[in-house]
Colleague: 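Structure incoming, see below.
For the numbers below, each heavy atom of this structure counts, side chains included, while hydrogens, waters and symmetry mates do not.
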Amino acid sequence: MMVSNEAVKASLKIRLHRDDLVAIGPGKADLLQAIIEQGSISAAARSMNMSYKRAWDLVNVMNESFQQPLVSTITGGSHGGGAQVTEFGKQILQQYQAIQQKANAAVADDLAMLGAQLR
């Protein structure tokens, strides 16, 4: 959520933790969306200016954190590999995005009032 009046910006970021790891948060949600759009982890990583290793590590954390994998991979071959967000992963992404929108709406006025107190 961004509240803006020229120089004032406020944002709210929701993160779901499992033990010491972030199971899903804004960056992981963006990565899931990029995988949906790009069709592979490497292409998604490139589109986000992220290393493939970093993207792969984030996917592993998500897959290990939830009851089912959020991303499934296809090993490369003559036609190359790929990745896709599973149906379960799409549900998790939609739930996360809905929670983020509800949270943003719930605090929008408060953030605006707080932001109005800045110089």
Side-chain angles (χ1 to χ4, degrees):
M1 162 70 185
M2 292 296 214
V3 175
S4 180
N5 78 10
E6 292 141 44
V8 176
K9 293 181 182 176
S11 63
L12 180 67
K13 296 179 182 180
I14 304 293
R15 290 179 178 85
L16 179 64
H17 295 263
R18 184 184 143 262
D19 299 324
D20 292 337
L21 301 173
V22 176
I24 192 164
K28 289 184 174 102
D30 290 346
L31 179 58
L32 288 175
Q33 187 63 49
I35 293 169
I36 290 169
E37 294 168 2
Q38 302 293 325
S40 76
I41 295 169
S42 60
R46 278 191 303 276
S47 76
M48 296 178 70
N49 295 318
M50 178 187 301
S51 75
Y52 174 76
K53 181 182 181 337
R54 176 75 177 139
W56 184 248
D57 288 345
L58 295 175
V59 166
N60 278 336
V61 168
M62 287 187 283
N63 281 348
E64 292 174 6
S65 295
F66 287 91
Q67 294 176 359
Q68 298 175 36
L70 304 191
V71 177
S72 64
T73 58
I74 303 161
T75 304
S78 60
H79 296 33
Q84 65 181 28
V85 176
T86 64
E87 286 305 313
F88 181 73
K90 290 176 184 175
Q91 290 173 8
I92 295 297
L93 178 59
Q94 289 172 349
Q95 288 174 337
Y96 174 81
Q97 291 169 332
I99 290 166
Q100 185 73 54
Q101 289 173 351
K102 287 178 190 176
N104 288 336
V107 300
D109 290 343
D110 293 329
L111 285 175
M113 287 179 7
L114 185 61
Q117 304 305 313
L118 296 174
R119 289 180 184 233

Colleague: Distance from Leu12 atom CG to Gln101 atom CD, nearest 0.5 Å?
Modeller: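 Atom-to-atom, Leu12:CG and Gln101:CD are 12.5 Å apart.
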Colleague: Please set out all donor-acceptor pairs under 3.5 angstrom arising from side-chain atoms of residues 85-92, sequence neighbours excluded.
Modeller:
residue : atom : partner : partner atom : Å
Thr86   : OG1  : Pro69   : O            : 2.8
Thr86   : OG1  : Leu70   : O            : 3.3
Thr86   : OG1  : Gly89   : N            : 2.9

Colleague: Can you tell me how far the CD1 atom of Ile41 sits from the CE atom of Met50, to the nearest 0.5 Å?
Modeller: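 The distance works out to 11.0 Å.
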Colleague: Between atom CG of Leu111 and atom CG of Asn104, what is the distance when rounded to the nearest 0.5 Å?
Modeller: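 Atom-to-atom, Leu111:CG and Asn104:CG are 8.0 Å apart.
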Colleague: At their closest point, which heavy atom of Ile14 faces which heavy atom of Ala103, and how far apart are they?
Modeller: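 Residues Ile14 and Ala103, closest heavy atoms: CD1-CB, 4.0 Å.
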Colleague: Does Asn63 reach the main-chain N or O of Val71 with its side chain, forming a donor-acceptor pair under 3.5 Å?
Modeller: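 Indeed, once roles are kept as given, a pair shorter than 3.5 Å links the two residues.
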Colleague: My understanding is that a hydrophobic cluster links ILVMFWY residues whose side chain heavy atoms are under 4.5 Å apart, including indirect links. Using that, what else belongs to the cluster containing Met113?
Modeller: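 Via sub-4.5 Å side-chain contacts, Met113 links to none.
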Colleague: Measure the spacing between CG of Leu16 and OH of Tyr96 and express it to the nearest 0.5 Å.
Modeller: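 It is 9.5 Å, given to the nearest 0.5 Å.
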Colleague: Which atoms form the tightest heavy-atom contact between Met48 and Ala34, and what is the distance?
Modeller: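 Taking Met48 first and Ala34 second, the nearest heavy atoms are SD-CB, 4.0 Å.
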Colleague: Quick check for you: to the nearest 0.5 Å, what is the distance between Leu32 atom CG and Gln84 atom CD?
Modeller: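 The CG atom of Leu32 sits 12.5 Å away from the CD atom of Gln84.
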Colleague: For the atom pair CD (Gln97) and NZ (Lys102), what is the distance rounded to the nearest 0.5 Å?
Modeller: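 NZ of Lys102 is found 13.0 Å from CD of Gln97.
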Colleague: Please list all pairs passing the side-chain hydrogen bond (donor to acceptor under 3.5 Å, both in side chains) test where one or both residues lie in residues 43-61, with sequence neighbours left out.
Modeller: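 Every pair satisfying side-chain hydrogen bond (donor to acceptor under 3.5 Å, both in side chains) with a residue in residues 43-61: Lys53-Asp57.
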Colleague: Shortest non-hydrogen contact from Met62 to Ala23?
Modeller: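 Reported closest heavy-atom pair: CG-O, 3.2 Å.
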Colleague: Who are the side chain to side chain contact (heavy atoms under 4.5 Å, CB included) partners of Leu21, not counting sequence neighbours?
Modeller: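 Side chain to side chain contact (heavy atoms under 4.5 Å, CB included) check on Leu21 returns Arg18, Val61.
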Colleague: With sequence neighbours excluded, what pairs up with Glu37 under the side-chain hydrogen bond (donor to acceptor under 3.5 Å, both in side chains) test?
Modeller: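 Glu37: side-chain hydrogen bond (donor to acceptor under 3.5 Å, both in side chains) contacts with Gln33.
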Colleague: If you compare all heavy atoms of Val22 against all heavy atoms of Lys28, which two are closest, and at what distance to 0.1 Å?
Modeller: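 Val22 and Lys28 have their closest heavy atoms at O-NZ, 2.6 Å.
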